[in-house]
2 protein chains.
Amino acid sequence: MGKAYDVMAATCPSRTVLHRIGARWTVFVVTALEERPMRFVELKTRIQGITPKVLTETLRALETDGLVKRIDRSGKLPHVEYELTDLGRSLGVPLQAVREWAESHVPEITEAQERAARS
Amino acid sequence: MGKAYDVMAATCPSRTVLHRIGARWTVFVVTALEERPMRFVELKTRIQGITPKVLTETLRALETDGLVKRIDRSGKLPHVEYELTDLGRSLGVPLQAVREWAESHVPEITEAQERAARS
DNA sequence: GATACCGGTCACTTCAACGAAACTGGGGAC
DNA sequence: GTCCCCAGTTTCGTTGAAGTGACCGGTATC
């Protein structure tokens, strides 16, 4: 009875999701793609500091989770586009909630960290 | 001009937050403490599978971020309580949004993962 | 022919997180 | 005096994510 998923179970599915969005670059990629679909090089230049290897890995991970779709439009020239799926776009909503929480509580957090560092 | 924080900047503060909540055990600890303040051993038995070392680390991290308060009520016997700060309690809100998103989209994600595994 | 662009891959290293197991010290209970 | 409880600490090992830098084939442009 009760809930469909046990929050305290190690197998809780929210774990997977949280781990994915906690990954270093996921948020950047999703945020960039929220704006519009982009090509590999576009993402690479837009997301400052990301290496092609890590970008590939992140995109592949998001792809296997069904959050991003990879569209190969290559003719004679390579041309690959990445876009959010409906699922990916829907993730944007709670993600923004977290982002907003983070932004609005930055002062408190950094203050707490400094207080902890001093003591 | 524009936003106070640049989402694409590597120094974006939301990164810290996302990384923290992406950590393996943070959600469990916060969720448990949302219920009520708890002692070390209570948390350890409640959060199935966590080792004392990792629990300590997680609690210390949450403490330095100002999300959890450690209260030492030791008299002759050791007695330590952990409780959420106001900040920690406010994090519960966006956290629940993510958890709800995760739970309601689990079928789609696992299906996507299986589809990816088969191909 | 030389150079540059696109969309990556490969080999290697570094680092933090996580985990297992044992141990500690100061009580208290029997 | 022997055991257990609380709140951890210590040591060691494993894992996985991330970073570095070089390289790739095909095309196009000069």
Side-chain angles (χ1 to χ4, degrees), chain A residues 8-12 15-30 32-33 37-65 67-83 113, chain B residues 8-12 15-30 32-33 37-65 67-83 113:
Chain A
M8 284 304 167
T11 56
C12 182
R15 270 261 302 258
T16 314
V17 177
L18 286 163
H19 197 240
R20 178 74 74 236
I21 73 172
R24 207 153 205 65
W25 298 103
T26 303
V27 192
F28 293 134
V29 172
V30 173
L33 292 180
M38 285 191 196
R39 302 178 62 173
F40 189 86
V41 176
E42 276 183 292
L43 283 167
K44 194 159 67 71
T45 44
R46 190 122 215 303
I47 303 169
Q48 204 189 354
I50 198 170
T51 61
K53 193 201 108 188
V54 175
L55 179 55
T56 305
E57 283 171 1
T58 307
L59 286 168
R60 295 283 181 274
L62 291 172
E63 216 191 328
T64 63
D65 283 358
L67 298 166
V68 161
K69 188 154 58 171
R70 180 183 186 274
I71 306 157
D72 193 334
R73 302 193 196 284
S74 298
K76 307 208 164 176
L77 285 171
H79 185 125
V80 179
E81 265 180 23
Y82 292 94
E83 66 172 33
Q113 285 172 344
Chain B
M8 285 303 168
T11 57
C12 182
R15 269 260 303 258
T16 313
V17 177
L18 287 162
H19 197 238
R20 179 74 73 236
I21 72 173
R24 206 153 207 65
W25 298 103
T26 303
V27 191
F28 293 134
V29 172
V30 173
L33 292 180
M38 286 191 194
R39 301 178 62 173
F40 190 87
V41 176
E42 278 182 291
L43 282 168
K44 194 159 66 72
T45 43
R46 190 122 215 302
I47 303 170
Q48 205 188 352
I50 198 169
T51 61
K53 193 201 107 188
V54 175
L55 180 54
T56 306
E57 285 171 0
T58 307
L59 287 167
R60 295 286 180 273
L62 291 172
E63 216 190 330
T64 62
D65 283 358
L67 298 166
V68 161
K69 188 153 62 173
R70 180 182 186 276
I71 305 156
D72 193 333
R73 303 194 195 284
S74 299
K76 309 206 162 177
L77 285 170
H79 184 127
V80 180
E81 264 181 23
Y82 293 94
E83 66 173 32
Q113 285 172 344

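Protein chains get the first letters and strands the later ones, always in sequence-line order, with residue 1 at the start of each.
To the nearest angstrom, C1' of C:dA17 lies 12 Å from CZ of B:Arg20. Residue A:Ile50 contributes atom CD1, which lies 11 Å from atom C1' of D:dG19 at whole-angstrom precision. The CD1 atom of A:Ile47 sits 12 Å away from the P atom of D:dG19 (whole-angstrom rounding). For the pair A:Arg24 CZ and D:dG16 P, the interatomic distance rounds to 18 Å; values are reported in whole Å. Regarding B:Arg46, its CZ atom lies at a distance of 19 Å from the C1' atom of D:dC6, rounded to whole Å. One interatomic measurement links the two molecules: CD of A:Glu57 to C1' of D:dA17, which rounds to 8 Å at whole-angstrom precision. In this structure, B:Leu55 atom CG and C:dA20 atom C1' are separated by 16 Å, rounded to whole Å. As rounded to whole Å, 14 Å separates atom P of C:dG8 from atom CZ of A:Arg73.
For D:dA7, the OP1/OP2 oxygens have a side-chain nitrogen or oxygen of B:Arg39 closer than 4.0 Å. Phosphate proximity of C:dG8 to A:Arg70: present, with a side-chain N or O under 4.0 Å from OP1 or OP2.
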Sort me out a list of protein N/O and nucleotides 20-29 of chain D N/O pairs below 3.5 Å, or just none if empty.
none

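Distance from the side chain of A:Tyr82 is smallest for C:dG8 among the nucleotides C:dA17, C:dG8, C:dG19. Relative to the side chain of A:Thr56, the nucleotides C:dT9, D:dG19, C:dG7 differ in distance, and C:dT9 lies closest.
Side-chain contact between A:Leu62 and A:Arg20: present, with at least one pair of heavy atoms (C-beta onward) separated by less than 4.5 Å. Considering only heavy atoms from C-beta on, B:Val68 stays 4.5 Å or farther from B:Val30 through its side chain. With contacts defined as side-chain heavy-atom distances shorter than 4.5 Å, the pair A:Glu63/A:Arg60 qualifies.
Backbone-only engagement by B:Arg60 is indicated by non-hydrogen atom pairs under 4.0 Å involving sugar-phosphate atoms exclusively.
We find the CG-CZ distance between B:Leu33 and B:Phe28 to be 13.5 Å, quoted to the nearest 0.5 Å.
Partners of A:Glu83 by side chain to side chain donor-acceptor pair (under 3.5 Å), not counting sequence neighbours: none found.
Across every non-hydrogen atom of B:Arg39 and B:Pro78, the tightest pair is NH2-O, 3.2 Å. Between B:Met38 and B:Ala32, the shortest heavy-atom contact is CE-O, 3.5 Å.
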